[in-house]
There are 2 protein chains.
Amino acid sequence: MADERQTRTEKLAGEIADAIIDGSLEPGTRLDEHMLAARYGTSRTPVREALRKLATTGLIELRPRRGAIVTEVTSQQLETLFVAMGELEATCARLSALSMTPIERRRLGALYDGMADMVARDDVEAYAAANTHFHTLFYAGSHNPVLADMTATLRRRLAPFRHAQFRAPGRLALSHSEHGAVLRAVLAGDAASAHAAMLHHVSLVEDAFEQLAAPSSSRRRAN
Amino acid sequence: MADERQTRTEKLAGEIADAIIDGSLEPGTRLDEHMLAARYGTSRTPVREALRKLATTGLIELRPRRGAIVTEVTSQQLETLFVAMGELEATCARLSALSMTPIERRRLGALYDGMADMVARDDVEAYAAANTHFHTLFYAGSHNPVLADMTATLRRRLAPFRHAQFRAPGRLALSHSEHGAVLRAVLAGDAASAHAAMLHHVSLVEDAFEQLAAPSSSRRRAN
DNA sequence: GGAAAATATTGTGCATGCAATTTTGAGATC
DNA sequence: GATCTCAAAATTGCATGCACAATATTTTCC
């Protein structure tokens, strides 16, 4: 596996995080240090350090003297997370409208144009990848690494709950038209519109999730 | 020393964080694990775990195999942090305008009224404490623990750079009038105005800091 | 038979030690 | 005098072991 430059602790943190995100480790699972150490072929020390790191991201819960468990997110907490991410994404879009360089604006436009073809071909796979890239451009475009980091971390944390995002019919075209609204606002340097458009866009994703995941208990707050 | 319920690792993380925030450990200081272990009378293991935790908050920098140092924030990074905090505070205000309960609104108004007296008495000490409380109410008022946490953490991280905040003459009254603008917007349920007013308010703090800390290299970005 | 107490077991918290890497310092060469 | 090379020292990464707290199990008592 090539150059082992990173420490075992970091590698472990990454692998365990991946296992949680892709669902191999289900919410509520007890994370026994001995077990993890055995599974990954190390001692408990790096496992412990990796767990501390994951605990700060909220992926796992660390109860002193009582071990770690994969965080169980209630649907209410999930809504909170989605709202927080929406606000952060919107803020990135806002700052992007104010701060993006001409080159960044051009790149954003080019990606948007390319995505139109994917919609036309109904290429969900390619569109999903491009979509991630599209959003990432706003993180960078905010020119605020602190904010960009927070947003990217939250997005990653919510990844497990966004799998079926583009499955619903017509959602690709809808998403793309929303992207267009955000793009126009950013290119026009209209911070408030960029904020509003992005917030609207990600709220749709949130709604899509709720319809897919919890079609029954759909109490919605007044908006 | 009462009930030692928390682990050594947690206690260490807290003490080291405090030492950094109050300036005992200056930016750039190397954090030797043996040294810290000796100073706090433990072994290296809990020290290492505490350092991992602090690294994720950004208070220290952890360079694999090369030890940890107290993060040196350049004035540019500091500006980034202030901007990020401003955006988060504004977002909390925005959500507060949408979500605060009548009780929370009343509490906010009462605090605001009380602070008028402190301004009249020119009681900087009391005003600073009340100011923190005022802002905290918006974190809670957002009804989004994720966002509230992020904002509170950032505020804490920036605490060392806000000491002289209310020293400048007339700043108390100015701050209070800004609070009034935020308050009115929130009570009126006007999300956009609450966002703008809070952003304006915290930008003033940022500017005050820059005038105090870096009166020379004051390149400002176009706003 | 069920609840409470006592015991056994498991697992975490922390200390210690060793190997490997980075850093430091001395000496050599240009 | 500066730079390069190489060895010594320092420091991190990780493994192992032990003590104590938390949990599971058995035993005792009503």
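Side chains included, hydrogens not; waters and symmetry mates left out as well; all remaining heavy atoms used. A note on names: the letters A, B, ... follow the listed sequences, proteins ahead of strands, and every chain is numbered from 1.
Using a 4.0 Å cut-off between a side-chain N of Lys or Arg and a carboxylate O of Asp or Glu, E89(A) and R155(A) qualify as a salt bridge. Using a 4.0 Å cut-off between charged side-chain N and carboxylate O, E10(B) and K53(B) make no salt bridge.
Using a 4.5 Å heavy-atom cutoff, the side chains of T80(A) and M85(A) are not in contact. Contact annotation: the side chain of I60(B) approaches that of I20(B) to within less than 4.5 Å [non-hydrogen atoms, C-beta and beyond].
With sequence neighbours left out, the salt bridge (charged side-chain N to carboxylate O under 4.0 Å, His left out) criterion links D18(B) to R156(B). Taking E178(B) as the reference, nothing meets the salt bridge (charged side-chain N to carboxylate O under 4.0 Å, His left out) condition, with sequence neighbours excluded. The side-chain hydrogen bond (donor to acceptor under 3.5 Å, both in side chains) check on H133(A) picks up nothing, with sequence neighbours excluded.
What separates CD of E10(A) from P of dG13(D) is a distance of 9 Å, to the nearest Å. Residue R63(A) contributes atom CZ, which lies 18 Å from atom P of dA21(D) at whole-angstrom precision. Rounded to an integer number of Å, the gap from I69(A) CD1 to dA22(D) P is 16 Å. The CD atom of E61(B) sits 15 Å away from the P atom of dT12(D) (whole-angstrom rounding).
Classification of the Y112(A)-F134(A) ring pair by plane angle, with boundaries at 30° and 60°, yields tilted.
For the pair R66(B) and dT22(C), the criterion of a side-chain N or O lying under 4.0 Å from OP1 or OP2 is not met. Put simply, R65(B) has no side-chain N or O that comes within less than 4.0 Å of OP1 or OP2 on dT21(C).
Among all heavy-atom pairs drawn from L137(B) and M100(B), the shortest one is O-CE, 3.5 Å.
Contacts between residues 38-56 of chain A and DNA chain D, counted as heavy-atom distances below 4.0 Å, involve T42(A), S43(A), R44(A), T45(A), P46(A). Listed by residue number, the members of residues 24-37 of chain A with any heavy atom below 4.0 angstrom from DNA chain C are R30(A), L31(A), D32(A), E33(A), H34(A). Taking every heavy atom of residues 12-20 of chain A and every atom of DNA chain C, no pair lies under 4.0 Å.
Side-chain N/O atoms of S96(A) and Y139(A) include no donor and acceptor closer than 3.5 Å. If you check the side chains of D22(B) and S24(B), you find a donor sitting under 3.5 Å from an acceptor.
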